[in-house]
Enquirer: 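Let me begin by handing over the structure; questions about it come next.
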Amino acid sequence: MDAFTTHTGTAVPLRRSNVDTDQIIPAVWLKQVSRTGFEKGLFSAWREDPSFVLNNPVYDGATILLAGPDFGTGSSREHAVWAIQQYGFRVVIAARFGDIFRNNSTKMGLLPVILDAKIVEELQAAVEADPTTQITVDLTEREVRLGQDAWSFEIDDYTRWRLLEGLDDIGLTLRHADDIATYENGRQPWLPTTV
Amino acid sequence: MGRTLAEKVWEQHVVRRAEGEPDLLFIDLHLIHEVTSPQAFDGLRMAGRKVRRPDLTIATEDHNVPTVLGPISDPVSKTQVETLRKNAAEFGVRLHPMGDAGQGVVHIIGPQFGLTQPGMTIVCGDSHTSTHGAFGGIAFGIGTSEVEHVLATQTLPAYRPKTMAIEVSGELPVGVTAKDLILAIIAKIGTGGGQGYIVEYRGEAVRKLSMEGRMTVCNMSIEAGARAGMIAPDETTFAYLKGRKHAPTGADWDTAVEYWKTLKTDDDAVFDKVVEIDASVLTPFVTWGTNPGQGLPLGAAVPDPAEMADATERAAAERALEYMGLTAGTPLSEIEVDTVFVGSCTNGRIEDLRAAAEILRGRQVKTRTLIVPGSMLVKLEAEKEGLDKVFEAAGAEWRQAGCSMCLGMNPDTLQPGERSASTSNRNFEGRQGKGGRTHLVSPQVAAATAVTGRLTAPADLAVTA
């Protein structure tokens, strides 16, 4: 995955709570067997409504999604993360995320940032007032900045390190292949196999 | 200090623990289906990696399959299913394809084969993997990157979630089911209430549930935002498992049961959070909105967003009512539906079908009614009991096994504006087909609704019949 250190860009305010992954990428798009082309499916049902925020040209080129609370609830489909990334977003900021969505994001290098709901609303208001507003998301400093204001966010050290370095988990885990083999040798013999 | 069930199972599976890093957790069983696996197998192929433990991996076809006999007509769905077949053959993974006697919804077949056992770690690229926690293991949904990780290493790096106890006191009244219980729990704690937690369902009402009921409850843990849901194993669990294809036998069975009996939360263990709910006051429950937390007792009316204090909740409710085409104040029992769906990994097991059949026996449905067994084994069992005849006599459609109308990936969908009473797990916008409107209900309410054409509790049916 691509490394993430610091990103500055414009943002889209998505003022809806409980945006589930079925809205982010409707199921019909999940039939693809490739990893690309999902940007067309991003919010595809909602994008049919001309007044939907992503259809507003003032937000063209935005790279930060300012979402409502409980973003990415529902299904485990990583396609939701792919769709958001392939559309051009690098960061999603919300007060709360669905656990699986947040986990999937960090595997792909899409940074999920948790900020207090009031702060997210402030950012949304700022962007609505001036869509050219530049927001900086600094993973090194664990900080979101807008003009003179800065808000810190929490992310565990390990995930931060992985994102900063752009490391993929499988390679990291395979360094411990001996530990896995040792564990396997100690498993109960009556545990089921699919054979 | 004592430990919770979740802590015990977690500790048992730690392959490696290091300061400042997530635990590396061993995975006992990896379930695969056609939707979330193709890109993972591609990843293995590109890196020249193998499936480390094909003997702990099992695949089935469920999301895309049509539930009427015949081949898949949608070429994109067909390619996805064929891709799974190729991948399973290339990487040596056991697959139950369409038409196979072992085929079915991924979360139905694991328990049926006896592959789901207490104390195990189970994952699948599907959020409803939480179903398997009903046996007292830790089971959770993962994304495709993690599917690839498990295929390559049979492990996952993860931080142990916090623990939550949901204490269900009292007894469920007659006619109130596991589905009503979990819908009531989600309405109480909200779709984000469980975020960051493994939930353990406890208490008298939970102990009295059958394994099918326990699976229904754990299945929808994800709808409360929880990473996993679990129930300590007991005699009900052991009785369900005994004699199943992959359950231990002979002396191994005794050893296993002895171990399984230790899988319970110690009396002095402390949960990070405790939620209490009284089962004895519950009534049949139904959702009115577009997230599973927007639910109420069937005897209530469509809520008025203007009366909601929280601005976010109010905005969500206004939007939901508009999408659902509902007016505040309308009694829920007056809402008419076009379609009834009984099935899915939430309510597609034999007990669910028996419950629906009991209500439909000798009655006629007024709406399109799909009865979809969760697996071919469930289908065979139902037919042996003659349930298919009951459904057909009532005018319902008896289908082949699959995910069907739960998620709009196969031919079973709602048309725009159509309304369903559905035993599935998600009432999201467009979940059952673009523009479709979903009310989540129990199998009993679904069957009663099929008879009257409007949301109906079975008890009311008895009065009018």
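No hydrogens, no waters, no symmetry mates; every other heavy atom, side chains included, goes into these values. Letters go in sequence order (proteins before strands), and every chain restarts at 1.
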Enquirer: Heavy-atom distances under 4.5 Å only: say whether B:Asn425 touches chain A with side chain, backbone, both or neither.
Expert: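 The answer is neither part of B:Asn425.
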Enquirer: Using non-hydrogen atoms only, which part of A:Pro69 is less than 4.5 Å away from chain B: side chain, backbone, both, or neither?
Expert: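 Only the side chain of A:Pro69 comes within 4.5 Å of chain B.
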Enquirer: Does any backbone or side-chain atom of B:Ser37 lie under 4.5 Å from a heavy atom of chain A? Answer side chain, backbone, both or neither.
Expert: neither
Enquirer: If you count the non-hydrogen atoms of other residues, nucleotides and ligands that lie under 6.0 Å from CG in A:Asp2, is the total more than 12?
Expert: no
Enquirer: Is a side-chain donor or acceptor of A:Thr194 paired with a backbone partner of B:Pro54 at a separation under 3.5 angstrom?
Expert: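 Between the backbone of B:Pro54 and the side chain of A:Thr194 there is a qualifying donor-acceptor contact (under 3.5 Å).
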Enquirer: Please list, chain by chain and in numerical order, all residues satisfying salt bridge (Lys or Arg N to Asp or Glu O under 4.0 Å) with B:Arg17, sequence neighbours excluded.
Expert: B:Glu11, B:Asp23
Enquirer: Under 6.0 Å from the CD atom of B:Glu322, do we count more than 12 heavy atoms belonging to anything else shown?
Expert: no
Enquirer: Quick one: what part of A:Trp29 sits under 4.5 Å from any heavy atom of chain B, side chain, backbone, both or neither?
Expert: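 Contact with chain B: none, neither part.
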Enquirer: Check whether any side-chain heavy atom of A:Trp190 sits under 4.5 Å from a side-chain heavy atom of B:Tyr259, and report yes or no.
Expert: yes
Enquirer: Heavy-atom distances under 4.5 Å only: say whether A:Asp179 touches chain B with side chain, backbone, both or neither.
Expert: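 Both parts, heavy atoms under 4.5 Å.
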Enquirer: For the backbone of A:Val195 and the side chain of B:Asp55, can you confirm whether one donor and one acceptor N or O come within less than 3.5 Å of each other?
Expert: no
Enquirer: Below 4.5 Å from any heavy atom of chain A, which atoms of B:Val14 appear? Answer side chain, backbone, both or neither.
Expert: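 Just the backbone, heavy atoms under 4.5 Å.
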Enquirer: Using a cut-off of under 4.5 Å for heavy-atom pairs, which of A:Thr182, A:Leu172, A:Asn103, A:Thr159 has the most such pairs with chain B?
Expert: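 That would be A:Asn103.
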Enquirer: Should B:Gln195 and A:Phe97 count as side-chain neighbours, where that means a heavy-atom distance under 4.5 Å?
Expert: no
Enquirer: Donor-acceptor pair, distance only, cut-off 3.5 Å: does the side chain of A:Gln23 make one with the backbone of B:Glu429?
Expert: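 Side chain of A:Gln23 to backbone of B:Glu429: a pair is present.
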Enquirer: Where the side chain of B:Thr153 meets the backbone of A:Thr173, is there a donor-acceptor pair that is under 3.5 Å apart?
Expert: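 Not confirmed, B:Thr153 side chain does not pair with A:Thr173 backbone.
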Enquirer: Hey, mind stepping through A:Thr73 and B:Glu223 against side-chain contact (heavy atoms from CB on, under 4.5 Å) and telling me if it holds?
Expert: CA-CA 8 Å; A:Thr73 54; B:Glu223 271 62 55; over 6 Å; no
Enquirer: I need the residue from B:Pro22, B:Gly114, B:Gly225 with the largest number of non-hydrogen atom pairs under 4.5 Å to chain A.
Expert: B:Pro22
Enquirer: Would you check if the side chain of A:Gln32 reaches a backbone N or O of B:Gln80 as a donor-acceptor pair within less than 3.5 Å?
Expert: no
Enquirer: Among B:Asp126, B:Thr36, B:Thr413, which residue has the highest count of heavy-atom pairs closer than 4.5 Å to chain A?
Expert: B:Asp126
Enquirer: If you count heavy-atom pairs under 4.5 Å between each of A:Arg77, A:Arg187, A:Arg15, A:Met108 and chain B, which one has the most?
Expert: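 Most pairs with chain B among the choices: A:Arg187.
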Enquirer: Quick check: closest heavy atoms across A:Pro192 and B:Leu115, and the distance to 0.1 Å?
Expert: CG-O, 3.6 Å
Enquirer: With a 4.0 Å cut-off, would you call B:Lys434 and A:Glu48 a salt bridge?
Expert: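 Looking at B:Lys434 and A:Glu48, the cut-off is met.
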Enquirer: With chain B as the partner, which of A:Arg102, A:His79, A:Arg16 has the greatest number of non-hydrogen pairs under 4.5 Å?
Expert: A:Arg16
Enquirer: Which heavy atom of B:Ile142 sits nearest a heavy atom of A:Ser76, and at what distance?
Expert: O-OG, 3.3 Å
Enquirer: Answer with yes or no whether the side chains of A:Trp82 and B:Gln39 bring together a donor and an acceptor at under 3.5 Å.
Expert: no
Enquirer: Do A:Gln188 and B:Asp252 come close enough that some side-chain heavy atom pair is under 4.5 Å?
Expert: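 With C-beta onward as the side chain, the pair stays apart.
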Enquirer: Between A:Thr21, A:Val28, A:Asp156, which has the largest tally of heavy atom pairs under 4.5 Å with chain B?
Expert: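 Of A:Thr21, A:Val28, A:Asp156, A:Asp156 has the most heavy-atom pairs under 4.5 Å with chain B.
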Enquirer: Between A:Glu78 and B:Ser145, is there a side-chain donor-acceptor contact under 3.5 Å, judged purely by atom types and distance?
Expert: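 Distance-only check passes for B:Ser145 and A:Glu78.
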Enquirer: Tell me the closest heavy-atom pair linking B:Ile222 and A:Gly74, and the distance in Å.
Expert: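 Between these two residues, the closest heavy atoms are CG1-O, 4.0 Å.
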Enquirer: For A:Asn18 and B:Thr191, does a side-chain donor sit closer than 3.5 Å to a side-chain acceptor?
Expert: yes
Enquirer: With a 4.5 Å limit on heavy-atom distance, are the side chains of B:Arg16 and A:Tyr183 in contact?
Expert: no
Enquirer: For chain A, find which of B:Val76, B:Leu29, B:Thr79 contributes the most heavy-atom pairs closer than 4.5 angstrom.
Expert: B:Val76
Enquirer: What part of B:Glu148 gets closer than 4.5 Å to chain A, counting heavy atoms only: side chain, backbone, both or neither?
Expert: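 Both parts, heavy atoms under 4.5 Å.
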Enquirer: What residue in A:Val33, A:Leu30, A:Asn104 has the most heavy-atom pairs under 4.5 Å with chain B?
Expert: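 Heavy-atom pairs under 4.5 Å are most numerous for A:Val33.
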Enquirer: Under a 4.5 Å heavy-atom cut-off, does chain B meet the side chain of A:Ala95, its backbone, both or neither?
Expert: neither
Enquirer: Heavy atoms only, distances under 4.5 angstrom: which of B:Trp253, B:Tyr159, B:Phe41 has the most pairs with chain A? Name it, please.
Expert: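 Highest number of heavy-atom pairs under 4.5 Å: B:Tyr159.
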Enquirer: When heavy-atom pairs shorter than 4.5 Å are enumerated against chain A, which of B:His63, B:Glu21, B:His149 gives the highest number?
Expert: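 Going by pairs under 4.5 Å, I would pick B:His149.
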Enquirer: Below 4.5 Å from any heavy atom of chain A, which atoms of B:Ala256 appear? Answer side chain, backbone, both or neither.
Expert: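 For B:Ala256, the contact with chain A is made by backbone and side chain together.
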Enquirer: Might you point out which heavy atoms bring B:Ala316 and A:Ser17 nearest each other, and give the distance in Å?
Expert: CB-OG, 3.6 Å
Enquirer: Apply side-chain contact (heavy atoms from CB on, under 4.5 Å) to B:Asn291 and A:Asp70, showing your working.
Expert: CA-CA 11 Å; B:Asn291 77 56; A:Asp70 297 311; over 6 Å; no
Enquirer: Below 4.5 Å from any heavy atom of chain A, which atoms of B:Phe113 appear? Answer side chain, backbone, both or neither.
Expert: neither
Enquirer: Indicate the atoms forming the closest heavy-atom contact of A:Leu174 with B:Arg49, along with that distance.
Expert: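 Nearest pair, atom of A:Leu174 first, then B:Arg49: CD1-NE, 3.5 Å.
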Enquirer: Side chain from CB out, backbone as N, CA, C, O: work out which of these in B:His128 comes under 4.5 Å of a heavy atom of chain A, or both, or neither.
Expert: neither
Enquirer: Nearest 0.5 Å please: distance from the NZ atom of A:Lys107 over to the CD atom of B:Glu146.
Expert: 4.5 Å
Enquirer: Quick one: what part of B:Arg227 sits under 4.5 Å from any heavy atom of chain A, side chain, backbone, both or neither?
Expert: both
Enquirer: Taking side chain as everything from C-beta outward and backbone as N, CA, C, O, which of these in B:Thr83 sits under 4.5 Å from a heavy atom of chain A? Side chain, backbone, both or neither.
Expert: side chain
Enquirer: Considering only heavy atoms from C-beta outward, does the side chain of B:Leu24 approach that of A:Ile180 to under 4.5 Å?
Expert: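 Of all side-chain heavy-atom pairs linking A:Ile180 with B:Leu24, at least one is under 4.5 Å.
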Enquirer: Please name the pair of heavy atoms, one in A:Ala177 and one in B:Arg52, separated by the smallest distance, quoted to 0.1 Å.
Expert: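 Closest approach of A:Ala177 to B:Arg52, heavy atoms only: O-NH2, 4.2 Å.
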Enquirer: Looking at B:Arg426 and A:Asp20, is any side-chain nitrogen of the basic one under 4.0 Å from a carboxylate oxygen of the acidic one?
Expert: no
Enquirer: Are any side-chain N or O atoms of A:Asp22 and backbone N or O atoms of B:Phe428, one a donor and one an acceptor, separated by less than 3.5 Å?
Expert: no
Enquirer: Give, for atom CG of B:Asp42 and atom CZ of A:Arg35, the distance between the pair rounded to the nearest 0.5 Å.
Expert: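 B:Asp42 atom CG to A:Arg35 atom CZ measures 8.5 Å (nearest 0.5 Å).
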Enquirer: Hey, are A:Glu184 and B:Arg53 close enough for a salt bridge, meaning a charged N less than 4.0 Å from a carboxylate O?
Expert: yes
